[in-house]
Structures are given as structure tokens and as C-alpha cells.
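One structure is given below, encoded as C-alpha cells.
The chains referred to below are lettered A, B, ... by the order of the sequence lines, with proteins before strands, and numbering in each begins at 1.
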Amino acid sequence: MCNLHLYLCANFLAKSDIISIKLIMDIEIILNDAVAKAVEELYGEEPVKNSIQFQKTRKDFEGDFTLVVFPLLRVSKKPPEQTADEIGTYLKENIQQISDFNVIKGFLNLSVNKSFWISYLNDISKDEQYGFITKKEDPKVILIEYSSPNTNKPLHLGHIRNNLLGYSVANLLQSQGDKVYKVNLVNDRGIHICKSMLAWQKWGDEITPEKAGKKGDHLVGDFYVRFDQEYKKEIKDLVEKGMAGEEAKQKAPLILEAQEMLRKWEAKDPEVISLWKDMNKWVLEGFDVTYKNLGVDFDKIYFESDTYKLGKELVLEGLNKEIFFKEEDGSVWADLSEEGLDQKILLRSDGTSVYMTQDLGTAQQRMEDYNADQGIYVVGNEQNYHFQVLKLILGKLGYDWSESLHHLSYGMVELPEGKMKSREGTVVDADDLLNEMTTTADEMSRELGKLDNYSDEERNEIIKTIGLGALKYFILKVDPKRTMTFDPKESIDFNGNTGPFIQYTFARIQSLQRKAKDHGIQLKDEINPKINITTKELQLIKQIHNYPEVLKEAAKAFSPAQVANYVYDLAKEFNQFYHDHPILSEEDKSISAFRLFLSKQVGNIIKSGMKLLGIDVPERM
RNA sequence: GGUCUCGUAGCUCAGUUGGAUAGAGCAACAGCCUUCUAAGCUGUGGGUCCCAGGUUCGAAUCCUGGCGGGAUCACCA
């Protein structure tokens, strides 16, 4: 069947300069089959599976695709150079697309006809969503949970990393043809919420966000801080009176009051519930503003106050089936020592739930609600252990989808001075940061005189896009699992490997298209495959050619960073190209028309890639 | 101490299922605006890929053991 396929392809290729879309997409498959056939004919033996390894030829060498021949030596029983040479000769003679080859050590570099590349470019220019899989035979339903804030304080830099990752990964997965639902589980209950509420009651003086002229989440956050300050004072006083530190922490009047408030909340005390509703509303309205500025959204928002009782039945069921066990004091545990972990509590001795219990319940409910094939949690790496346990327990309970659960774990964001600590006031607030980025973009553009001719409205639009782009790109270009350092000064640097550099490149391309129109040069729908192209042009086309594969790999690895770095490479390459390859040459319109065409494709990829990252690109800047 | 994770240029980071001479940016230095956007381009210097073994044609990448940083190991969430 392999050979038949090859025969048909070779036959077709020999007769036609214009290659069908299908074949272009499959160039690497064709090469693969061709090498298999070559090996069989030359050495009388089929190559072992996976021994045919193609990769893109590195830039410093001549060629487009490279066959690594080392794995084939076992069959050829000849030195690497000779083997490569023989296969290369065979391919050049038998495959129309191969125009040339060269051998360096054990590497066979194959050059593909330039007309192939141009035809390829023609094809993708017709594809509105190049690189995206729009129709998939069996699309998966994927649930991705991200953000998951507490309603007692505003969002900070760590949440930004979470939100950007979640949003971008959702886009990425969707680009591969799967159905993705974004959900947010808001943690709106618990002792920490009561702390802010209590502080407001005591010292709030009936203030509201409107009266204070402040975002609701910030206002509530202030009371949370206030609580902590007053609480510490009480502890200090008690310790000075001779109480032990630990005891003081537990017996300070404020903490007792907060605990009492939580009990009232659980008993649905009308006064407490009413205050709780008000304050949560303030916070959530504040969050909405931040989410909107950040450009992220959700298909569904869950509240922990609705879901915190879930999971208990699941645990009891597991207890009945003797998957879990009960201690003498009545608490329920899972024994994970066989899996190399320890024992984990699932129900307290008083029968109430713990964090894990809830998570078991919400996982089960959500996966079944959506009939999802895969669940992804975007949560910081401090919860690696939690999710490891969660997955194991769900597996023990017999849910086969537990295998598909994935904890997209990301590292902390640190500052040059060290970690962010709320107590020391070194937390970078999300809203402040967003504003600061825009302000800096404004200052920079004024300094450079970039936006002098635009109206205030246009100007604001553009600097917002740039400031936000700088922040998003800075965070997303780093591999999620790494602990990253966020240097505010450096992030606002718009030179080099940054979002604004990429945006700038895009803006240039757009400007080029406009200028071309002014010059009366028409953008072609299609390029004649026979025209000559330079090495640099070819290089750009090849970079474009990588895009679908990059998306595929990035989606598989849940890694927007891979897309980010790819787009930067493309933009950089284009910028270099742009500099010494005149595109709007008056003398030779055919060349400039091709470059115009090429630059448009580059622009499309940049736009598409940036969109996956959740970064806007400006038409001008 | 157990488990997980990271360690690449002075700094921030890339580096594809193991492939060729390990790459960018920032910072430093030297150039380039009468020419499609100089938020740009070109050049120079800068490396014990934490260390030591192992696997193999080939290791920054995989395995083992160290060293160093981080996270986690609650009847908190």
C-alpha cells in the first residue's frame, strides 16, 4: 500500500507543476515513503520502524529537509556518507520534488523545488485559518478551569499568570479542533471571607465602593489587611500578658469572632448572608473589570458556596466499598501508601468536608455535566501534591476519566527582590500593573514621537494594546512550569524579545500593504510558481511552513510559550528581511509583488499566533 | 527527612520524539535614519549547558548518584 501510494504520488508529481493541497501538506509523508522505498530497493531490506527520521534542515546548511541516516546503517551496512549519498541519488532521480541534495557526515540534506514552496504559499494564502484544525472527526470535549480567585482580596501578578495561561491554552486546544469549555471556580466562602466581613463591620463605617470611589475587590482587600493588622495586635497583647504564641493565635477575640461568623454563615444567618452577598458582589464586579482588561473570559462561573458540600457522598460511597477507611474518631481517610504517598484525610471526625472532598465532588459533577473527555486545572505548583492525590482517588473510585485529568501547574512569579509577600506589601497588584504598563507605553511612544498624529481615542487604544501586549508576552513566553522572575522595569522594555516588537513588526506589514495600494501595486491572489526567489525569501516561507506543527506540539504540551517563541522568531526574521529586501521597488514590480504577498502571509501568521496568546496586534503603532 | 520540580552567557529566557559548530534578548562596545515605521538593522566580546558516572554512532536532552534553589508533606483552602 505504501508503494502504491508512492507510485501514485510520484506519477502525479512528474506530470504536474501545480501540486494539490493535500500533497503539499503531506510533503514529509511523501519523503518518508520515498526513503522507505529507496532503502528497500538499494539494500533489499525494509527499514525498521521509526528509523526514518526527517527534520528541517538547520539554517547554516543548504537544503530543506534532512534525513538522519545513522539509524539506517544497520540495513545498508555501509558507512554513513556512502549510504546518504546513495539514498540522495535515488531520491533525486525518482522524486520530482527533490531538486538537489548534499551530504555532511551522516546527514542527507535534501532541497525541494522552489516552485513547490511557492505553490505551498499560494495554497495557504487561501486558507483563512492556516494551522488550525477546523474540522476534526472525533473532537474531544475539554474542560479547563482557571483563575479560581478568592473573594477576599484583589487579583495579583500570580493570578495574571494563571489567567493568561488558562485563556491561551484554551485557545490552543481549540485550534486543534477540540471543543473547549472555560470554567472558573470562585472561592467565595470560608474563614478568609469572614475576616474581611468582620473588619468591615467593625471599622467599615458603612462604606461602599461607590462612596470610597474604589474598585470593590480593592476595598474588600483593604479590610482583609485591616483584619490581619488588628489580629496581630491582639496576639501581641496576649503574648505580652504571658500567653504562649500558639495559644494566643487561637484565642485572640477577633479570630474567635470570625469563626463564629463562619458558623452563622453556615447556619444561614440572614444578617451574615446579606453582608456576605453584598461584599461578594463588590469583589466580583471588581474582578469583572480586571478580567475584561486582561481580555480573558469564561463559559461558566461556579461558586464554591454552591459546591462546597459536594463530594461527601462520594467519600461515603467509597467507604462502603472499602476503598477508604474510618479511624476510631470517625474521620475518613484514603490510604495511598501503595502509590508511594501517605494517607490523606477526606472527612473530619465531625463528618465535615475538607478541600479534597469538595474537589472530588466538583470534578465528578463537572465532568459529567459536560460529558467531558478531558479536564484541565490551571493551578499553581504549590498544589502539585493535591492534584496527584485527587487523580489517584478518583481513579480508585472507578472513574475512568481520572486518567485524563491534567494539572497544568505553573511556577511562582517572583520579583527581583525575591518573593511576593502580602504581609510585607510586596505584592504586585494586577490592576496597578495593567495601568502602569499602559502609562509606560504612553511615555515611550511620546518620547519616540510615534503616535503624534493620532487622535486621543486612537492613541489610547494603541497604547493599551501595546502595554498589555508587553505584559502578556513577557509572562507567556516563559515555560509555565518554571518559576519566573518578573522585573517590572525589564518587562516594560519594548526592545528585543517582547510583545511590542512583534506588534511593531505586524504594524509595519500593515503599513506596507497600505503603501502598496497607494503606489498602485496590487496584491496578487496567486504567485507564479516559476519565479525566482532568494534564499532569504525561502527561509521565511519555511518558517511559515512550521506553524501548524508548532501549534500541534504546543497544544500537546499545553505550552503557549512555544507559540510565543515561534512568533518572535518569525517576526525577527521578517524584520531582518524587511531591512535589506526592498518590497516596494519601482523598477521590478514582479519581485515586489511577490514580497508583498509573502509579507502578507507573515502578517497573517503573526496575527493568528498572537491571537492564540490573547494578544492583540495593532494596525499601526 | 520523603515526594515533586528547576539549574543553559553577567541578567531574563529559548533549545522539537536524543542529531550537525548550544541560540535570542537585555546589559557593554562599534557602526547605520534624505530611502517602504530606527519600538528597527549590522558587527564585536561573552559558555565547565551545576558536578560525576552510565546508556550509544551521537547527550543540554534519557538513566543513576551527588550539589544548589523552589514547592509540598494540616481534622487550612
Using only side-chain N and O atoms of [X], determine if any of them is under 4.0 Å from OP1 or OP2 of [N].
| X | N | answer |
| --- | --- | --- |
| A:Q388 | B:C4 | no |
| A:R514 | B:U37 | no |
| A:K515 | B:U37 | yes |
| A:K419 | B:G70 | no |
| A:Y578 | B:U37 | yes |
| A:S511 | B:C36 | no |
| A:R482 | B:C6 | no |
| A:R508 | B:A39 | no |

Practice task
For A:F70, answer base if it contacts any base atom (sugar-phosphate contacts may also be present), sugar-phosphate if it contacts only those atoms, and nothing otherwise; contact means non-hydrogen atoms under 4.0 Å.
Solution key: base
Exercise for the section: With heavy atoms under 4.0 Å as the rule, sort A:K105 into base, sugar-phosphate or nothing. Expected result: sugar-phosphate
Handout entry: Shortest side-chain distance from A:K481, nucleotide among B:A39, B:C41, B:C6
Key = B:C6
Exercise for the section: Report yes or no: is the ring centroid of A:Y568 under 5.5 Å from the six-membered base ring centroid of B:A24, with the two planes under 30 degrees? Expected result: no
Practice task
Kindly confirm whether the side-chain ring of A:F107 is stacked on the base of B:A20, judged by centres under 5.5 Å and planes under 30°.
Solution key: yes
Completion exercise
Between A:M444 and A:N187, whichever has its closest RNA chain B nucleotide further toward 5' is A:M444
Practice task
Could you pick out which residue, A:T66 or A:S349, lies toward the 5' side of RNA chain B when each is mapped onto its nearest nucleotide?
Solution key: A:T66
Practice task
Indicate syn or anti for B:C4, taking the glycosidic torsion and treating anything within 90° of 0 as syn.
Solution key: anti
